[in-house]
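We count residues from 1, following the sequence as given. Because only heavy atoms are used, hydrogens play no part in the values below, and waters and symmetry mates are left out as well, while side chains stay in.
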Amino acid sequence: MCTLVDGNIRELHAGECGIFINTTGRQSVYTPGSRVRWCETPLQDLPHGLVQDFLGKRIRASQRIRTLFHEGISCGDHTSPALDTLRNALGEALFAAWRIEAGEDRTGNMPSSLIAAKSYIDLHYSEKPNLETLATVAGISAPYLIDLFRRHQGTTPLRYLRVVRARSALRLIQHTDLPLANIADMTGYGSAFHLSREIRQFYGLSPRAIRQHGTRPRPSTQEGDGIRVTADGILLPLSSGQGTSPMTHNIPVIDISPLLHGTSEERAAVANNIGIACREIGFFYITGHGIPPELMAKLFTASRAFFNQSHVAKDAMSMSRMGKNRGYVGLGVERLDTTSLPDRKEAFNISPHQSDGTDAWPPLAGWRELMMSYFNRCLEIGGALHRGFARDLGQEEDFFADKFKYPMATLRLLRYPSAPQTDPADEGHAPGAGAHTDYGNVTILSVNGVSGLQVRPRGSDWTDAPLIPGTLICNIGDCLMRWSNDVYVSTPHRVLRPTDERYSIAFFLDPDADALVEPIITQPGEHPHYPPVTGYDYLQERLKATYGHKG
């Protein structure tokens with residue numbers, strides 16, 4: 001096929017694919033009977049500095065591209081709002097597929113297996129593929145696929161599938177007059193009821209309200225009526241105003257004292273605020289935790305005393321000797337980001353519920369008593385938070401109580417040596433702690449005053465988590481996200497190489513070893529995204545990934 005564009009001949013041969021972009025704004029004219037009109041689409045994300053009308057090299061048409069092309073041909077020559085919307089979506093998908101095949105996509109170092117899974121979701125979202133199908137398409141195991149999505153996308157495969165379906169449904173709601181039942185059938189929701197419920201959950205408005213008012217945030221005239229736009233373009237409901245908390249870099253600050261000694265109504269308000277944080281960013285600061293500054297100062301002094309010991313003294317307490325996730329971890333032993341260099345930090349793990357008679361305490365006066373005092377206080381805070389989680393997820397407040405009788409909890413002291421600040425993307429320098437999501441249910445973190453923690457909310461770039469005096473930083477982990485059936489978000493985070501020596505104390509709360517982690521189903525018609533697993537098996541799976549490079 002030869003095409004004349006402003007006096008220049010562009011040629012494509014049989015079985016080839018190329019992309020033409022109208023950079024002049026002129027109206028395109030095609031030969032009668034041409035089968036290319038459907039490809040016209042208002043692309044929103046053109047390559048930077050585009051000046052040509054023909055993008056890059058001609059490539060062999062892949063199966064993905066052929067499938068998209070034939071889908072467009074099947075739309076026929078008719079025009080309607082629904083068909084135009086569908087053609088635009090197919091055109092955008094075709095453009096993305098071409099860039100992947102041409103090696104000019106903007107996925108950076110995104111693994112090909114992840115690209116394959118995402119592309120499959122983009123094409124087959126209405127079929128609601130399960131995790132096993134996506135893993136087969138990607139050619140990797142399901143746990144590894146989940147890890148890739150979390151690391152590169154900040155989400156899970158099935159949550160990404162939910163977003164794709166919701167966005168596709170929203171496009172049809174906004175730009176067509178199709179009945180909701182038809183849209184539900186086209187996007188895999190099955191019924192108008194399930195479609196409406198999902199749209200309201202994602203965008204804070206019913207399909208009818210979206211058609212009447214659009215999705216632009218507007219002043220709210222009644223509780224729950226407003227919406228806001230997240231960094232990745234998803235619209236979410238605004239808080240009602242009652243019991244709201246100040247925001248810092250989009251990380252809320254929540255007073256949890258009512259969870260410890262408040263009325264049922266006060267506990268419900270706090271649970272609601274925690275639930276919003278867990279759904280949107282997965283991180284929140286807490287006040288009202290009851291831990292005095294004097295105790296925290298003693299803890300950091302004791303931590304410094306341990307790490308200032310000789311290497312021989314610390315190595316005598318190494319985790320390789322102590323076992324059961326206890327003891328000292330030296331510099332370079334861990335690699336939380338399996339695609340990066342080992343972490344530049346050292347740590348000491350305290351897991352008293354995993355004792356086997358081996359003394360895993362350093363011979364420092366008063367050290368054990370001080371650490372256990374803080375450990376037990378964190379257990380109380382973790383129990384209170386879980387009462388909030390349970391209430392927000394529609395369960396009885398004591399839902400988690402029998403699953404945390406002897407939790408696999410770990411108190412971890414961390415030291416990050418000072419180093420000149422470098423670009424965190426520079427692969428030639430080890431990170432303080434590589435990008436990762438936490439394994440368990442919830443993490444409670446205190447820092448000695450030197451910042452460095454960064455979080456990456458869904459669809460956003462890395463953002464600092466500033467230090468707020470008197471607060472503890474909490475984030476949910478992968479196990480609780482699994483337990484919530486992906487309702488909660490386990491957010492990637494990392495620690496940059498600090499310019500000054502940095503100390504932090506993290507409390508990781510995992511369930512009992514024999515506790516059954518089974519997804520909580522909160523909505524009619526919802527299906528579990530994961531099979532049941534014991535707390536022990538799940539933790540071992542994650543620990544192997546972290547320490548596997550050390551054999």
Side-chain angles (χ1 to χ4, degrees), residues 131 141-147 150 156 158-159 274 278 282 319 322-327 329 334 336 347 349-356 358 360 372 375-376 378-412 436-445 474-491 506-522 528-548:
L131 189 59
S141 68
Y144 186 46
L145 179 63
I146 294 172
D147 183 61
R150 284 171 174 154
T156 65
L158 295 182
R159 193 173 184 92
I274 289 177
C278 291
M319 187 182 295
M322 300 295 105
K324 294 185 178 292
N325 197 31
R326 300 169 302 167
V329 180
E334 289 186 347
L336 292 174
N349 287 12
I350 301 168
S351 299
H353 289 164
Q354 300 187 54
S355 175
D356 56 2
T358 303
M372 283 305 301
F375 182 94
N376 290 326
C378 286
L379 275 181
E380 294 177 5
I381 295 172
L385 291 175
H386 275 80
R387 292 193 291 274
F389 297 146
R391 190 153 185 168
D392 176 68
L393 292 170
Q395 308 300 307
E396 296 294 331
E397 281 191 356
D398 62 353
F399 172 81
F400 290 103
D402 64 346
K403 303 165 184 66
F404 286 82
K405 291 181 178 179
Y406 303 99
M408 296 181 292
T410 300
L411 183 63
R412 162 164 264 215
H436 66 286
T437 55
D438 289 344
Y439 310 153
N441 268 39
V442 68
T443 302
I444 302 171
L445 178 71
C474 296
N475 65 278
I476 68 164
D478 299 338
C479 187
L480 183 58
M481 181 162 135
R482 180 185 185 121
W483 226 325
S484 73
N485 208 34
D486 289 337
V487 170
Y488 289 173
V489 179
S490 177
T491 301
F507 178 78
F508 300 98
L509 185 53
D510 290 31
D512 296 348
D514 61 354
L516 190 64
V517 180
E518 191 169 14
I520 297 171
I521 304 301
T522 60
H529 295 171
Y530 309 94
V533 65
T534 65
Y536 176 83
D537 288 342
Y538 182 74
L539 179 60
Q540 291 306 305
E541 176 185 305
R542 299 305 307 275
L543 289 174
K544 286 178 182 177
T546 297
Y547 298 103

Original post:
Is there side-chain contact between Leu385 and Cys474, with at least one heavy-atom pair below 4.5 Å?
Top reply: yes

Subject >> Leu393 CG to Ile520 CD1 distance, which is reported to the nearest 0.5 Å >> reply: 5.0 Å

**OP:** Check whether any side-chain heavy atom of Asp438 sits under 4.5 Å from a side-chain heavy atom of Asn475, and report yes or no.
**Re:** yes

Original post:
Which heavy atom in Val329 sits nearest to a heavy atom in Met319, and how many Å separate them?
Top reply: CG2-CE, 3.3 Å

Subject >> Heavy atoms from other residues, nucleotides or ligands near OH of Tyr536 exceed 12 (cutoff 6.0 Å) >> reply: no

Subject >> Euclidean distance, Arg159 CZ relative to Asn485 CG, rounded to 0.5 Å >> reply: 10.5 Å

Subject >> Within-4.5 Å side-chain heavy-atom neighbours: Phe400 and Trp483 >> reply: yes

Subject >> Chi angles and distances behind the side chain to side chain contact (heavy atoms under 4.5 Å, CB included) call for Cys479, Val517 >> reply: CA-CA 8 Å; Cys479 187; Val517 180; 3.9 Å; yes

Subject >> Nearest-0.5 Å distance that lies between atom CG in Leu379 and atom CG in Leu509 >> reply: 6.5 Å

**OP:** To the nearest 0.5 Å, tell me how far His386 NE2 sits from Glu397 CD.
**Re:** 13.5 Å

Original post:
Do Leu131 and Ile146 have side-chain heavy atoms sitting under 4.5 Å apart?
Top reply: yes

Subject >> Check: Tyr488 and Leu480 side chains under 4.5 Å, non-hydrogen atoms >> reply: yes

Subject >> Nearest non-hydrogen partners of Gly382 and Ile444, listed with the distance >> reply: N-CD1, 4.1 Å

Original post:
Does some side-chain heavy atom of Phe389 sit less than 4.5 Å from a side-chain heavy atom of Asn441?
Top reply: no

Original post:
Atom CD in Glu518, atom CZ in Arg482: separation rounded to 0.5 Å?
Top reply: 10.5 Å

**OP:** Could you go through the side chain to side chain contact (heavy atoms under 4.5 Å, CB included) check for Asp486 and Met481 one step at a time?
**Re:** CA-CA 5 Å; Asp486 289 337; Met481 181 162 135; 3.7 Å; yes

**OP:** Side-chain contact test, heavy atoms from C-beta onward, threshold under 4.5 Å: evaluate it for Phe507 versus Ile381 and give yes or no.
**Re:** no

Original post:
In Å, rounded to the nearest 0.5 Å, how long is the span from SG of Cys378 to CZ of Phe508?
Top reply: 11.0 Å

Subject >> Pair Asp478-Ser490, side-chain donor/acceptor within less than 3.5 Å >> reply: yes

